[in-house]
Amino acid sequence: MDKVYSPRAVEEKWQKAWMTEEFYQAYKFKNDGRPVFTIDTPPPFTSGELHMGHAYWNVINDTVARYKRMTGHDVILPQGWDCQGLPTELKVQYRWKISREDRDLFRRKCVEWTANMIDSMKRTMIRLGYRPDWEQFEYRTMDKSYWRAVQESLIQMHEKGLIYRKEFPVHWCSKCGTALAQAELGYIQKKGKLYHLRFSLGDRDLEVATTRPELLNACQALAVNPGDSRYSWAVGKDATVPIFGHKVKVLSDSSVDMEFGTGVVMICTYGDEQDIRWQQIHKLPVIRSVDEYGRMVNAGKYSGMKVSDAREQISKDLEAEGSLISTEEFVHNVLAHTERADCMTPIEFLTKDQWFIKSMDFKETVLREAERMGWIPEFVHGRLVDWVESIEWDWLISRQRVFGTPIPFWFCADCNYIISPRREDLPVDTSSTPPPVERCPKCGGGRIAGTTDVCDCWVDSSITPLIVTGYFKDRGLFERAYPVDLRQQGHDIVRTWMYYTILRCSVLTGTGPFKGALVNGHILGPDGTRMSKSKGNVIIPEQGINQYGSDAIRQALFSLTIGSDFPFKWEPVKYGKSFLQKLWSSARFAEGFFSGRGTKISPRAMDETDKWIISRLKEAICKSRDAMEKYQFHIAVDVLQKFYWHEFCDQYIEAVKPRLYSPRSAEDKAVAVTVLYTVIWNFIRLLAPICPHITEEIYQKLFRDEMGFVSIHASPYPKAEELPEVDGTIGEKVISMIALLRSRKVESQMALSAEVRMAVIHGNSEELNAYKENEWLIRQVLHINDLEYKIGERDAELIR
RNA sequence: GGGCCGGUCGUCUAGUUUGGCUAGGAUACCGCCCUGACACGGCGGUGGUCUCCGGUUCGAGUCCGGACCGGCCCA
């Protein structure tokens, strides 16, 4: 073995080997009757760059899977790719200047681009030591087979009466030209103006504050709070809308905020979600004022202008007319297209035909299934509950885009009746495929239309537990593997991936998809803020893999508590690297003595320090197992590092040297070697799920011949019961006295190997007995010629 | 405005569920040591009273109440 451990060469060697048929046996899901353990792993969006956050997910999944395999499970570790979505379309549009109108060509380019992105991301995943069952469980949401599954799932939902098409005010992004789901929206702070307008009620005027005067044409009412005495006189009267001149009623509504602006609000169809509620409650007419491209319509001379220009112009005209009382600068929160896109465009409400899944009916179902799951950390459950309770509309699943799974239905243009494709025709694109019927089965009409709409990306990804358990193709497997044991994901997508998956899988199968969820935090940039390209604080794993090795990165990623965010720092990675070197050096030291070894040690032949290290090893095994079962990786890493470095290397190896270099007896040396062998053999298996490469290397070099497993990852995780019953208390006293004497030597500026004429050690009678029985060892380790004992407080002094 | 999470040596962090030995580590820093696995090492040291205030208790980082600060989610 080389003196210095070089992760790069070793890691690459094993990564390659693990992909071969021989080693695949250790990673393959065999469906051979052992208990199945299934992990629903997050399919990353195929942006092409695998950052440290992705690496974190991969490492968690990989470590859980390796641990579960070593504890006797038949593990399904899938890895998917979330391919379809706006960012890719925007890239393709920009890079190749291809119009979305040419749908086939556009789609082909998206697929081509995405395939390249996957290659590059997969390479990094493999370099992290991640080893999912690529052969059986890799999926890409853009593949025809995946489309078939998504479409099948939608047809099944339709058969349960859960899909409908309806004209509805939808959140619309005018820049991206598509409707959006609630989950794709967020609030951004925007500077704007608050315009105070004068509405005439004949003899008196009302002052109304609004941020959107350009919507005046769609103004359908004014409203005041019933408790607002300032305006009780106005309720029920007609007001004249400035510029446009139409008359609207002054309504009374308790949800009007008396504190905001003047306390009078103008209701337009539609400025915001509150307008939609008011429109429905007060049954107001609907006037459309903005089109798909963000331009004004039904607005007289303003028609055709961009919204922002119209706002400018109308405010000038209001001023000229004398209806503008004042304007004030104003910072407000604007609903915008914030998720999964850099778009940030404020959204408008448009009335359009859209496809929906009836999700409002299943709030109770989702809450019930979420209740039955185990959540790590607990509080994430509460976050899902809050989200479910706050949902107000059904799930809008259609997108007016190209790179997505086609909505697999036709509809009757006369009565909106929905027509499903034949199963054997899946996947279908109803915009180019003729319908299976000529006339509407409901109204008999002959106008059957397909759609160019595609599915929201969450429609794709919300069936991953069904995909990986074979719901669509292998019912036998499905019965055994569903619900999946563990869903691992980030806390930012609880309201999307988690919610939609529980909803869809529960409705389709009648049972919630997860036994447990492990919800992790974010890996932040070193500055503690979210990684983003524009801030230049993105950390990619490749930066450190060559220098420190992925085993070091893996240790560092596990130093955080699951669920909390974590600014990425290189220091813990460096520490991880040092630990690898320590492990390497100790194995190299031990290797020299490993001839004619045996694995069975008898407690009777053991030295007291042997018993001590074996008892410490047993405790490390118990703690590590316990931590791994609870997914407390940071505890497992901590326990293992401390045991190996500070107990085994610092104490035991130092104390065992005389027994190896100048043994009292051949038998005692053999026992010492066996203990070294046992500790290292057990320890590398404890560490294997976390640091798969170095442990494999040491296994293959030192243990493979005797143990016979093809890989350390095919060996069983250690059990404390397999080691002899020992009492380490005397050994602990001896070890701690040796440590004390060593520090006394350092204090007197003596080299550890320097000869000491005499040492006097103090202790109670029990301690002194322990020291006396092990006098040979103490003297040899510290090169002390003579030892004297004194009753007293535990202490030691050197006499030169 | 509502909800959640958190605030422990310069920095990161364990301990808080089930109050109790001198608050444990790591890193950085300083000093000594190249000792026959390892200088990517060994030994030792400086450094915190646990955000603040009040309460319960023989005893609180740990429980209760309040305030302040930070982060996230939602409106």
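Order of the sequence lines sets the chain letters (A, B, ...), proteins ahead of strands, with each chain counted from 1.
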Whole angstrom is fine here: how far is it from [atom1] in [X] over to [atom2] in [N]?
{"X": "A:Leu185", "N": "B:rA75", "atom1": "CG", "atom2": "C1'", "result": "13 Å"}
{"X": "A:Glu571", "N": "B:rG25", "atom1": "CD", "atom2": "C1'", "result": "16 Å"}
{"X": "A:Tyr644", "N": "B:rA26", "atom1": "OH", "atom2": "C1'", "result": "20 Å"}
{"X": "A:Glu647", "N": "B:rG24", "atom1": "CD", "atom2": "P", "result": "17 Å"}
{"X": "A:Leu384", "N": "B:rG3", "atom1": "CG", "atom2": "C1'", "result": "14 Å"}
{"X": "A:Met1", "N": "B:rC38", "atom1": "CE", "atom2": "P", "result": "12 Å"}
{"X": "A:His381", "N": "B:rC5", "atom1": "NE2", "atom2": "P", "result": "14 Å"}
{"X": "A:Gln780", "N": "B:rG36", "atom1": "CD", "atom2": "C1'", "result": "14 Å"}

According to salt bridge (Lys or Arg N to Asp or Glu O under 4.0 Å), who are the partners of [X], at least two apart in sequence or on a separate chain?
{"X": "A:Arg588", "value": "none"}
{"X": "A:Glu654", "value": "A:Lys657"}
{"X": "A:Lys13", "value": "A:Glu697"}
{"X": "A:Glu766", "value": "A:Lys733"}

Under 4.0 Å between any heavy atoms, over every strand shown, what does [X] touch: base, sugar-phosphate, or nothing? Just pick one.
{"X": "A:Lys745", "answer": "nothing"}
{"X": "A:Glu654", "answer": "base"}
{"X": "A:Leu580", "answer": "nothing"}
{"X": "A:Lys657", "answer": "base"}

Whole-Å [atom1] distance, [N] and [M]:
{"N": "B:rC4", "M": "B:rC43", "atom1": "C1'", "result": "46 Å"}
{"N": "B:rU11", "M": "B:rG20", "atom1": "P", "result": "26 Å"}
{"N": "B:rC21", "M": "B:rU62", "atom1": "C1'", "result": "16 Å"}
{"N": "B:rA60", "M": "B:rC34", "atom1": "P", "result": "48 Å"}
{"N": "B:rC38", "M": "B:rC33", "atom1": "C1'", "result": "15 Å"}
{"N": "B:rC68", "M": "B:rU27", "atom1": "P", "result": "39 Å"}
{"N": "B:rC9", "M": "B:rG48", "atom1": "P", "result": "10 Å"}
{"N": "B:rA75", "M": "B:rC29", "atom1": "P", "result": "47 Å"}

### Query
What stems involve RNA chain B, if each pair must be Watson-Crick or G-U and both of its distances must be under 3.5 Å, with 3 or more such pairs in a row?
B:1-7 with B:68-74, B:10-13 with B:24-27, B:29-33 with B:41-45, B:51-55 with B:63-67

### Message
I'd like to know if the side chain of A:Ser359 reaches the main chain of A:Trp395, judged simply by a donor and an acceptor atom lying under 3.5 Å from each other, with no hydrogens or angles considered.
### Response
yes

### Query
Taking the side chain of A:Arg495 as heavy atoms from C-beta outward, which of B:rC74, B:rC4, B:rG36 is closest to it?
B:rC74

### A:Phe379, nearest nucleotide to its side chain (from B:rU27, B:rC38, B:rC5)
B:rC5

### Message
Please compare A:Asp492 and A:Tyr575 by the position of their nearest nucleotide in RNA chain B and report the one closer to 5'.
### Response
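Looking at RNA chain B, the more 5' nearest nucleotide goes with A:Tyr575.
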
### Task
Please tell me which of A:Leu335 and A:Cys649 maps to the more 5' nucleotide of RNA chain B, matching each residue to the nucleotide holding its nearest heavy atom.
A:Cys649

### Ring center gap for A:Trp172 and A:Phe349 short of 6.0 angstrom
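No, ring centres 6.0 Å or more apart.
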
Show me the protein contacts with nucleotides 7-18 of chain B, counting only N or O atoms at under 3.5 Å.
| unit_1 | atom_1 | unit_2 | atom_2 | d |
| --- | --- | --- | --- | --- |
| B:rA14 | OP1 | A:Thr561 | OG1 | 3.0 |

### Task
Take A:Arg554 and A:Thr63 through the side chain to side chain donor-acceptor pair (under 3.5 Å) test and state the conclusion after the steps.
CA-CA 9 Å; A:Arg554 292 169 68 116; A:Thr63 297; 3.2 Å; yes

List in chain and number order the residues that pass side chain to side chain donor-acceptor pair (under 3.5 Å) with [X], two or more places apart in sequence or in another chain; answer none if no residue qualifies.
{"X": "A:Gln651", "value": "none"}
{"X": "A:Ser461", "value": "none"}
{"X": "A:Gln279", "value": "A:Tyr270"}
{"X": "A:Tyr5", "value": "none"}

### Message
Is the phosphate of B:rG3 approached by A:Arg383 (side-chain N or O, under 4.0 Å from OP1 or OP2)?
### Response
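No, no such contact exists.
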
### Message
Treating primed atoms plus P, OP1 and OP2 as sugar-phosphate and everything else as base, which nucleotides of nucleotides 40-47 of chain B get B, S or - for protein heavy atoms under 4.0 Å?
### Response
BSSB----

### Query
Using 30° and 60° as the class limits, which term best fits the ring planes of A:Phe593 and A:Phe589: parallel, tilted or perpendicular?
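Geometry flag for A:Phe589 against A:Phe593: perpendicular rings.
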
### Query
Are A:Glu797 and A:His762 close enough, and set up right, to give a side chain to side chain donor-acceptor pair (under 3.5 Å), and what steps lead you there?
CA-CA 9 Å; A:Glu797 52 185 313; A:His762 309 249; 3.2 Å; yes

### Query
Who are the side chain to side chain contact (heavy atoms under 4.5 Å, CB included) partners of A:Val573, not counting sequence neighbours?
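Result, side chain to side chain contact (heavy atoms under 4.5 Å, CB included) vs A:Val573: A:Tyr548, A:Ala552, A:Ile553, A:Ala556, A:Phe568, A:Trp570.
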
